[in-house]
Amino acid sequence: MTRFAPAALSVLLLVAAPALAQTTRPQAPVARTTPQQTTAPAAPASSPAPGSEEWLRLRGESYSAAPEAEQDPAEVAETMRLNAEIAARNAAAERRETEGTAAWQAEQDRWRAETARLETQRAQWEADAAAAEAARLRYERERAAWAAEVAACERSPRSCVTRTPGY
């Protein structure tokens, strides 16, 4: 919980920085009135669409740039500095994301190669184990056949020559 407050404050300041850089308040256009024009202007027959320029103007908001002569050079410089800082942060974040993606992809490729190597090794071990089991079973069959042949010779009154299994 102690880390949350400073982190939340930092995020709030980063989000509010562009708004704080705007030092002048938007001003509604000054209309010149004559003494005869003291009545309020009539409401338009239809209300403007929300977000339209007319809708914004009626609320005293305007998002168009002031003429070059009316702009405050310090504000323009601060806005340019903030925009450059944001662009640099975005570029750095994109670079980190690209590097992270490349590192992840390299690790993924390494993992896949290692998995393929281990699968090949496992398949080879299974093949070797199957071959060893087949050889063991063949040896046991040959050994049983030899033992039966020796036993038959020992029971027989005549002499026998037996071969040794595996030779």
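Start at 1 with the first residue, then count along the sequence. All of these numbers come straight from a predicted model, not from anything done at the bench.
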- Query: Going through the checks in order, is the salt bridge (charged side-chain N to carboxylate O under 4.0 Å, His left out) test met by R96 and E99?
  - Reply: CA-CA 5 Å; R96 282 191 308 271; E99 290 169 355; over 6 Å; no
- Query: Are any side-chain N or O atoms of S156 and backbone N or O atoms of A152, one a donor and one an acceptor, separated by less than 3.5 Å?
  - Reply: no
- Does the salt bridge (charged side-chain N to carboxylate O under 4.0 Å, His left out) test come out yes or no for E140 and R143, once each step is laid out? CA-CA 5 Å; E140 287 179 2; R143 176 80 177 166; over 6 Å; no
- Message: With a 4.0 Å cut-off on N to O distance, would you call R136 and E133 a salt bridge?
- Response: yes
- Message: Around atom CD of Q108, are there more than 12 heavy atoms from other residues, nucleotides or ligands closer than 6.0 Å?
- Response: yes
- Task: Please round to the nearest 0.5 Å and tell me the distance separating atom CZ of R59 and atom CD of E54.
- Result: 10.0 Å
- Would you call R95 and T98 a side-chain contact if the rule is heavy atoms closer than 4.5 Å? no
- Item | Short side-chain donor-acceptor distance under 3.5 Å, E94 and N90 | no
- Identified side-chain hydrogen bond (donor to acceptor under 3.5 Å, both in side chains) counterpart of E114 within the set R110, R117, R112: R117
